[in-house]
Amino acid sequence: MGTLDKVVPFISRHIYTLSTANLNRLINGYIRKGNLRDARKLFDQNPTSRNTVIWNTIISAYIQNDEPHNAQNLFDEMPDRDIVSWNTALSGLKKIKNPEGVYLCFLKMRRVGLKPNEFTLSIMISAILDTVFNVLTPQIHAVVVSLGFNSSVFVGSALMRGYAHVGDRVALGRVFDEISIKNVASWNALVLGYMDLGDTDEAQRVFGLMPERNVVSWTTLVNGYIGNKKTSAARSVFDRMTERNVVSWTVMISGYVQNGKFVDALRLFLLMLRSGTQGNHFTLSSVLEACAGCSSLLLGKQVHLNVLKSGIPDDVILSTSLVDMYAKCGDIEAAFCIFQSMPKKNLVSWNSIIGGYARHGLGTRALEEFERMKRLGIRPDHVTFVNVLSACAHGGLVEQGEREFYSMETEFGIQAAVEHYACMVDLFGRAGQLEKAEELIKGMPLEPDVVVWGALLGACGLHSNLELGTFAADGIRRLEQDHPVMYSTLLKIHGEKGVWTSVLELKKKMKEQGARKQTAGSWIESSYGVG
DNA sequence: GCCAACTTGG
């Protein structure tokens, strides 16, 4: 629509004030084209023609365009807020995952005397669903009942999800029964509820009772089995589907990926393409993860090509998946190139590139990116520090690693978790500072896991320390998580020290347990997926 | 103009 661009400056030049109807029409036109900036300009230029609907439209557009700050500022400035304005604000707070804000906003709304409607209550319920505020679900239910919304399909489905998340199956069934006119969505919510409760049998039974089923019903069932780690059950439901859409394919593909079945995921992706369905950004980021999982650069590149050809708009998550795929498949330069070209980066993107450099042994590059990220005001999280510490370990940067470990708690308030300790043990261990590693383990406030002990054992293998190596092996045995690498490392140390009787004993034990010598690899990387 | 059922990255 090129005319709009010509008409609007014309109108603005020749008429001082637009009528409310025209302002509304023009603003909606800009928003439809994704041009929020000009919509806002018109809004600012016509203060006297604005009505509540126009305010609400702009605020909602900001939220949908991921500009919550602008939305919030405008909401704060707004003179006469109606229930829609409050609902819009609530859904914005929900979108940025601020359940406390949702709760406080709701209270504020009540204080100015506005009565919630169905929209308000379903936003409330779904906003607290996965948070500590979900203890409020029964209270909100009480409000729902007192206002007579319990027969509403929307509110009912939200309540069912809420109750499933707090594990209340009785309430789940009761809410369903109370919905006066149930539609497919209500039934889907019931299936989903039982799946969330982990009761796949009941979900399947309900599915069989449904008066009608749509693609979403089938997909919910497939996804429910996947969420309950029943991949093959999911697949057999998937195979029985008469109609599939991108989401159905994506659910199944990402289900395989989540369960580490990368090859199955890739096979299914090929079937999908052959069926004539084109993947979207959800599909392709899962597929890229599968490529990364099998370290298949060849396939990864082909998927990259598919991304470019499909014309899917730029997406942070998809681009981050590309960065991660290239880094995990060994092409760190390509990874960095994509990372650099990303117009929007978030914490996960930074973590990916830092982890990529760490995995490639480019400790200094990893740390450079870490500094750059902090300068841009992005707060590192616990994953960032796993990557940073492992970069220090791989780069032999012991003192820097110690400093970062310290700053993690003091500067960023992130409590060291067991994986951070594992990195530190690895850091000291590789550098041959075995006493420091031992000291760290002994002073840990947490129970060391197999990765921590493994890092120590590996270091003992590297530096031929029999005594400490035995200590580490005992630690692993106490966890009852024997691992073939443990025996081969012990074997190596014993052999080097010339303790041949022990070597024979160990070989016997290995044979008993069916352990075979494995190729060397870091337990830290395989267990925590550094990167 | 606002709400709800299935899918994505470290």
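Only heavy atoms go into these numbers, but all of them, side chains included; no hydrogens, no water, no symmetry mates. In the text below, chain A, chain B and the rest are named by the order of the sequence lines, each starting its count at 1.
- The listed nucleotides are B/dT7, B/dC2, B/dC6; the one nearest the side chain of A/Leu192 is B/dC6.
- Atom OG of A/Ser157 sits about 8.5 Å away from atom CG of A/Asn188, to the nearest 0.5 Å.
- The separation between A/Arg213 atom CZ and B/dA5 atom P is 21 Å, rounded to whole Å.
- Between the C1' atom of B/dC6 and the CD atom of A/Gln258 lies a distance of 12 Å, rounded to the nearest Å.
- A/Asn346 contributes a side-chain N or O that forms a donor-acceptor pair with the base of B/dG9 under 3.5 Å.
- Residue A/Arg161 places at least one side-chain N or O under 4.0 Å from the OP1 or OP2 atom of B/dC6.
- The side chain of A/Ile317 approaches B/dG9 more closely than any other nucleotide in the set B/dC3, B/dT7, B/dG9.
- Using a 4.0 Å heavy-atom distance criterion, A/Asn214 is classed as a base contact.
- Sorted by first and then second residue, the salt bridge (Lys or Arg N to Asp or Glu O under 4.0 Å) pairs with a member in residues 259-270 of chain A read A/Asp264-A/Arg267; sequence neighbours excluded.
- Among the protein residues, A/Ser157 comes within range of no part of the nucleic acid, since none of its heavy atoms lies under 4.0 Å from any strand.
- Here the C1' atom of nucleotide B/dC2 and the CZ atom of A/Phe154 are 12 Å apart, to the nearest Å.
- Minimum atom distance to the side chain of A/Asn223 is reached by B/dT7, of the listed B/dT7, B/dC3, B/dC2.
- When each of B/dT7, B/dC3, B/dC2 is scored by its nearest atom to the side-chain atoms of A/Thr88, the top-ranked nucleotide is B/dC2.
- With sequence neighbours excluded, the residues satisfying side chain to side chain donor-acceptor pair (under 3.5 Å) with A/Lys230 are A/Thr200.
- Put simply, A/Asn87 has no side-chain N or O that comes within less than 4.0 Å of OP1 or OP2 on B/dC3.
- A/Thr320 comes within contact range of at least one nucleobase, with a heavy-atom separation under 4.0 Å.
- Comparing atom distances between the A/Ser321 side chain and each of B/dG9, B/dT7, B/dC3 picks out B/dG9 as nearest.
- No contact: A/Glu118 has no heavy atom under 4.0 Å from any strand.
- Sorted by first and then second residue, the pairs that involve residues 145-156 of chain A and meet side-chain hydrogen bond (donor to acceptor under 3.5 Å, both in side chains), not counting sequence neighbours, are A/Asn150-A/Glu178.
- The side chain of A/Lys94 has B/dA4 as its nearest neighbour among B/dA4, B/dC2, B/dG9.
- Taking the six-membered ring where the residue is Trp, the centroids of A/Trp187 and A/Phe207 are separated by 6.0 Å or more.
- Atoms CG (A/Asn183) and C1' (B/dC3) sit 14 Å apart, rounded to a whole Å.
- Heavy atoms of A/Asp381 sit under 4.0 angstrom from at least one base atom.
- Every residue two or more places apart in sequence or in another chain was checked for a ring-ring contact (aromatic ring centres under 6.0 Å, His included) with A/His281, and none qualifies.
- Between A/Ile123 atom CD1 and B/dA5 atom P the separation is 12 Å, expressed in whole Å.
- Both stacking criteria are satisfied for A/Phe282 over the base of B/dT7: a centre-to-centre distance under 5.5 angstrom and an angle between ring planes under 30 degrees.
- Looking at the side chain of A/Val316, the nearest of the listed nucleotides B/dG9, B/dC6, B/dC3 is B/dG9.
- Heavy atoms of A/Asp82 sit under 4.0 angstrom from at least one base atom.
- The nearest whole Å value for the distance from the CZ atom in A/Phe176 to the P atom in B/dA4 is 20 Å.
- Between A/Met272 atom CE and B/dT7 atom P the separation is 17 Å, expressed in whole Å.
- Among the atoms of the strands shown, base atoms are found under 4.0 Å from some heavy atom of A/Val247.
- In summary, the aromatic rings of A/Phe339 and A/Trp350 are positioned with their centroids under 6.0 Å apart.
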For DNA chain B, please output the secondary structure as dot-bracket, reading 5' to 3'. Pairs are Watson-Crick or G-U wobble, both atom distances under 3.5 Å; mark crossing pairs with [ ], other-strand partners with |, unpaired with a dot. ..........
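- Here salt bridge (Lys or Arg N to Asp or Glu O under 4.0 Å) pairs that include residues 61-76 of chain A, with residues two or more places apart or in two chains, are A/Asp66-A/Lys95.
- Residue A/Ser85 is out of contact with every strand shown, counting any heavy-atom pair closer than 4.0 Å.
- With rounding to the nearest 0.5 angstrom, the OH atom of A/Tyr225 is 12.5 Å from the OG1 atom of A/Thr231.
- Separating the CZ atom of A/Phe106 from the C1' atom of B/dC2 is a distance of 15 Å, rounded to the nearest angstrom.
- Among the heavy atoms of the strands, none lies under 4.0 Å from A/Lys345.
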